Amino acid sequence: MKNSWLHTILNSVFLKLLLVIVITGVCINLVVGGFFMYFYMGSMKNTPLRKNAVQYLEYLIHDLGTPPDFQRAKEISQELSLEIRYDGPGEKWATSKELPPMQDMRLRKFGESPHVNIGRAQGKSFLVFTDGQNQYTFDLVKSYEQQSYAEIKILFLTIFLMCMLVCVYFVIRRILKPIKRLNEGVQQISAGNLEHQVPVSKSDELGNLADAFNAMTVRIREMLHSREQLLLNVSHELRSPLTRMKVAMEFLPETSAKKNLSEDILAMETMVSEILETERLKSEFGQLTLQPTELENIVREVIAAFEHTYPGIVFKNKTKTTALNLDRQQIKTVLNNLLDNAIKYSENTSAPIRILLEQKNPYIVLQIKDSGKGIPAQDLQHIFEPFYRVDKSRDRNTGGYGLGLSLCETIIEAHKGKIEVESTVGKGTVVNLFFPITQ
Ligand code: ADP
């Protein structure tokens, strides 16, 4: 992607922070440097320091004598750590070859003296004293090594500044770490892990936020629990009246009204037992009765119950053995629900339902594939939620309560397996059950 780095920066608070720190560092350098150059250096222009410097040069020239003495210049150079170049009518000399000739220099006024200028050449500054035809060039920073040291010092200063900025970045990153943890917490909660607690290490504003977040998840957990408890209690309380109604029904004459009522009572009974079974398996006491079982045998038994229903079932086993530790009754419930759905949501003229058993390590996979009406993509992520139905209007033919798949998922997860559904509207649905081989 062309602007992917920009995208990465804009999507990361920490990178944005780093960018802000770097830009701030550069701006501070520019502002301080600029301020120093324009105000401080500018104000230096006519200070007594400059007058003293001019006076100092005059003393030096006086000391050199007339005509200037090269020998004396070398002594002064040694004693005072400076370099001198002289360009006169009769002679020219310099205490160092590094001093550039006049024609190579750009001259600028130095204070109010008519004789003294600042000359710039080769990236360095010199003081140039002109007295008629005599020209003296002074390099007051004597050794060029010292100048290169100055460059190294600037380099060190820059590195030091960069290190400081990096340290500041890490400190800020540390301070903002709770935000990262909160982000992880939000992801965990939205993935359904309501047990997740964000670690609280500080008592600052972010610590308070993490505390509030944890309190919120506890509250949500409690609300969900009380909702489940209510559902469970109502379902429990419904069982006795349902049984009484069934007994009372037996004494009614056989009419179509009785038939309809019986079907409704049966549907309610199924719903109540599905709710109770799901909750029982979810609770810590809801144990499975596991025993070594051939999955293939269970599949065949369930298929037998659907023998004469349309659009028909084709079964294929591609594995050598399907021996697993299973709760036989619960797995039968799962297969019954899935086959019931596959038939309910297919047409009589649809292609037959295909059941396939195969090994895909570390799982044995049971696939149920129908060519029915399929499930719209926006509903697919909700179908395992209790009471979720794609078609909200119930009729007698497809009339479930949206509890079947929720129960199937609970049972398969209790077996440490997983259930996955893929579907295309108009083409059909594929349900894959994954049973771990080593349970
Ligand atoms: P229900 O008892 O309503 O069928 P389920 O929990 O078994 O409840 O399924 C939830 C919803 O998923 C159903 O209402 C149905 O719309 C959809 N569904 C499940 N299986 C299939 C399938 N094989 N083909 C099409 N839709 C399906």
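Here, residue 1 is the first one in the sequence, and each next residue gets the next number. From a predicted model like this one, the values you see are computed outputs, not experimental measurements. Just follow the structure's listing: the first ligand is 1, and inside any ligand the first atom is 1.
- Close to ligand 1: G402, with a non-hydrogen atom less than 4.0 angstrom away.
- Cation-pi geometry between K418 and F434 is satisfied (NZ or CZ under 6.0 Å from the ring centre, within 45° of the ring normal).
- Salt-bridge formation is not detected for the pair K97/E83: no Lys NZ or Arg NE/NH1/NH2 atom is positioned less than 4.0 Å from an Asp or Glu carboxylate oxygen.
- The shortest N/O to N/O separation between D370 and ligand 1 falls below 3.5 Å.
- Only the side chain of I375 comes within 4.0 Å of ligand 1, counting heavy atoms alone; its backbone N, CA, C and O stay farther away.
- For N337, the closest heavy-atom approach to ligand 1 does not fall below 4.0 Å.
- Each of the atoms 6 (O), 8 (O) of ligand 1 lies under 4.0 Å from some heavy atom of L403.
- A salt bridge is absent between E237 and R239: the closest approach of a Lys/Arg side-chain nitrogen to an acidic carboxylate oxygen does not fall below 4.0 angstrom.
- Annotation for R221 and Q197: closest pair NH1-NE2, 4.2 Å, computed over non-hydrogen atoms.
- The shortest distance between side-chain heavy atoms of E184 and L182 does not fall below 4.5 Å.
- Considering N341, L338, T429 as possible partners of V421, the one that fulfils the side chain to side chain contact (heavy atoms under 4.5 Å, CB included) test is T429.
- Between L155 and L157, every side-chain heavy-atom pair lies at or beyond the 4.5 Å cut-off.
- Closest to atom 19 (C) of ligand 1 by heavy atom, among V425, N341, T429, is N341.
- For ligand 1, the polar-atom distance check against R389 finds a nitrogen or oxygen pair separated by under 3.5 Å.
- The backbone of Y388, and not its side chain, has at least one atom closer than 4.0 Å to an atom of ligand 1 (non-hydrogen atoms only; backbone = N, CA, C, O).
- Counting the atoms of ligand 1 from 1 in the order shown, those under 4.0 Å from a heavy atom of V390 are 14 (O), 16 (O), 17 (C).
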